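As the structure lists them, so they are numbered: ligands from 1, and atoms in each ligand from 1. Note that this is a predicted model, so its numbers are computed, not measured. Numbers for residues simply follow the sequence, beginning at 1.
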Amino acid sequence: MAAIRFAVSRTYNRRPVQPIYLDNNATTRVADEVVEAMTPYYRDLYANAHAVHSLGRSAHSAVEKARESVAAMIGCEASEIVFTSCGTEGNALAIRGLLDAAPKRRQIVTTAVEHPSVLQLLRALASRGDIELAVVPVSTEGVINVDVLRELVSDRTLLVSVMQAQNETGVIHPVRAIADIAHEHGALVHVDSIQAAGKIAVTASDLGADLLSISGHKFHAPKGIGALMIRRGLKLTPIWYGGGQELGLRSGTEAVPSIVGLGVAAKLAVAALPRMDDVRQLRDRLESAITSDEVTVNCASQPRLPNTACVSFHGKAGDEVVRALDEVGVCITSGAACHAGSIDPSPTMRAMNTPLRVAMGAVRFSLSRYTTEQEIESTIRVVRDEIHSTIV
Ligand code: PLP
């Protein structure tokens with residue numbers, strides 16, 4: 001690994017007052033309209049959404065209005081939406097809830113690049129003997145090997161769980177083709193659309209999803225709220241019990257302000273989808289301006305999320321690149337945010353068999369609809385000045 005020299009005191013004074021935030025796949029800023037819509041539900045309309053009095057009824061109707069907006073965003077019926085606390089919970093409810101409800105089939109098929117909330121859960125279930133797990137490999141460009149998947153899926157398969165878009169590389173997966181294979185064998189399909197929602201179209205019926213999870217904080221809603229789409233007629237068993245809220249599948253007093261925020265964020269995301277073309281242009285400009293023989297874009301040849309640039313500084317440590325950019329006020333991440341702090345290549349890079357000196361230097365720039373041209377031009381300058389010149 002090359003030695004890295006960063007002139008911390010030299011660069012510190014040039015840190016912009018307002019950091020440039022390019023870590024939107026980790027989480028996003030809450031939209032102003034979302035904060036505004038949520039505020040009355042903290043201050044005045046704070047009743048329990050199941051209370052029979054007028055304040056309770058107001059809270060209830062706000063929850064149902066939000067349910068409709070979320071359903072419209074992902075192309076399903078409002079009655080198919082269950083609010084969850086986050087994407088991790090939605091993924092867990094989909095997998096555990098289905099497994100407990102459908103004891104006959106025990107095989108679950110997934111891919112090597114799923115988020116840990118899916119992959120680690122499935123590995124834990126397999127190690128306890130609760131399921132038989134089959135993990136489909138990906139190519140060096142992060143593409144799921146659909147031929148292998150076709151061989152693995154059989155009449156014993158309960159579920160195929162696949163993400164719509166990969167959080168580190170941004171690669172968009174052929175979910176519909178995968179869903180068709182699963183359905184031919186009577187298996188169900190769970191789609192983790194957590195990283196896709198708000199960046200590209202997410203339409204449950206087009207994707208062939210029986211279950212589909214999203215998470216608000218990835219598209220300018222607050223942290224701590226998400227949703228799981230459960231196709232009508234599909235039976236799940238709750239993973240926890242209590243007051244029977246959310247179709248009896250997710251007991252616990254509804255987080256009304258957060259649900260309202262999720263509904264508004266969903267509407268805003270749908271309206272802003274055409275603007276993701278501008279985001280793609282900014283991402284492309286960033287990529288083309290900072291790449292060289294030794295700085296390359298991972299999975300560049302694949303269909304990718306418009307906001308995501310997974311860039312490798314060959315022979316460098318991704319964490320050091322992140323720290324150096326942080327010193328000059330640019331926030332990015334190395335590997336997935338959940339793995340930040342580790343200098344091991346991320347599991348995604350390992351699954352792609354990326355050569356070590358490329359994998360270790362992988363960092364992710366992720367833009368949002370709030371990212372400006374000026375921010376991208378400043379980032380380009382900073383990467384050229386600080387990273388290209390200070391890493392020796
Ligand atoms: N799935 C994917 C693809 C993700 O990117 C993430 C978060 O990074 C999650 C699941 C987990 O979502 P949450 O942080 O809302 O639990």
Quick one: does Gly226 get within less than 4.0 Å of ligand 1, heavy atoms only?
-> no

For Met163, the atoms of ligand 1 under 4.0 Å from one of its heavy atoms are 3 (C)

Nearest candidate to atom 3 (C) of ligand 1, where distance is taken over non-hydrogen atoms, out of Asp192, Leu119, Ile225 | Asp192

So, Arg176 and Asp180, do they make that salt bridge, N to O below 4.0 Å?
-> yes

Is ligand 1 under 4.0 Å from a heavy atom in the side chain of Gln166, in the backbone, in both, or in neither?
-> neither

Going by atom types only, do Asn298 and Ser312 share a side-chain donor-acceptor pair under 3.5 Å?
-> yes

Going from CG on Leu273 to CE on Met73, what distance comes out if it is rounded to the nearest 0.5 angstrom?
-> 8.0 Å

Give yes if a backbone or side-chain nitrogen or oxygen of Asn25 is under 3.5 Å from a nitrogen or oxygen of ligand 1, and no if not.
-> no

Considering only heavy atoms of Gln195, which atoms of ligand 1 have at least one such atom less than 4.0 Å away?
-> 4 (C), 5 (O)

Does the N or O separation between Thr88 and ligand 1 drop below 3.5 Å for any pair?
-> yes

Any Lys/Arg nitrogen of Arg150 or Asp147 sitting under 4.0 Å from an Asp/Glu carboxylate oxygen of the other?
-> yes

Which atoms of ligand 1 have any heavy atom of His217 under 4.0 Å away?
-> 13 (P), 14 (O), 15 (O)

Going by an N to O cut-off under 4.0 Å, is there a salt bridge joining Arg67 and Glu64?
-> yes

Closest heavy-atom pair, Glu287 versus Arg304, reported as atoms and distance to 0.1 Å, is OE2-NH1, 2.8 Å

Using atom types as modelled and distance alone, determine if a side-chain donor or acceptor of Thr28 lies under 3.5 Å from a backbone N or O of Asn24.
-> no

Between Thr308 and Asn25: side-chain donor-acceptor atoms closer than 3.5 Å | yes

Below 4.0 Å from any atom of ligand 1, is there a heavy atom belonging to Lys218?
-> yes

So which bit of Val118 gets within less than 4.0 Å of ligand 1, heavy atoms only: side chain, backbone, both or neither?
-> neither

Under 3.5 Å, is there a donor-acceptor pair linking the side chains of Glu375 and Ser378?
-> no

Quick check: does Ala165 get an N/O under 3.5 Å from an N/O on ligand 1?
-> no

Which ligand 1 atoms are under 4.0 Å away from a heavy-atom of Ser117?
-> 10 (C)

Which atoms of ligand 1 sit under 4.0 Å from any heavy atom of Asn167?
-> 3 (C), 5 (O)

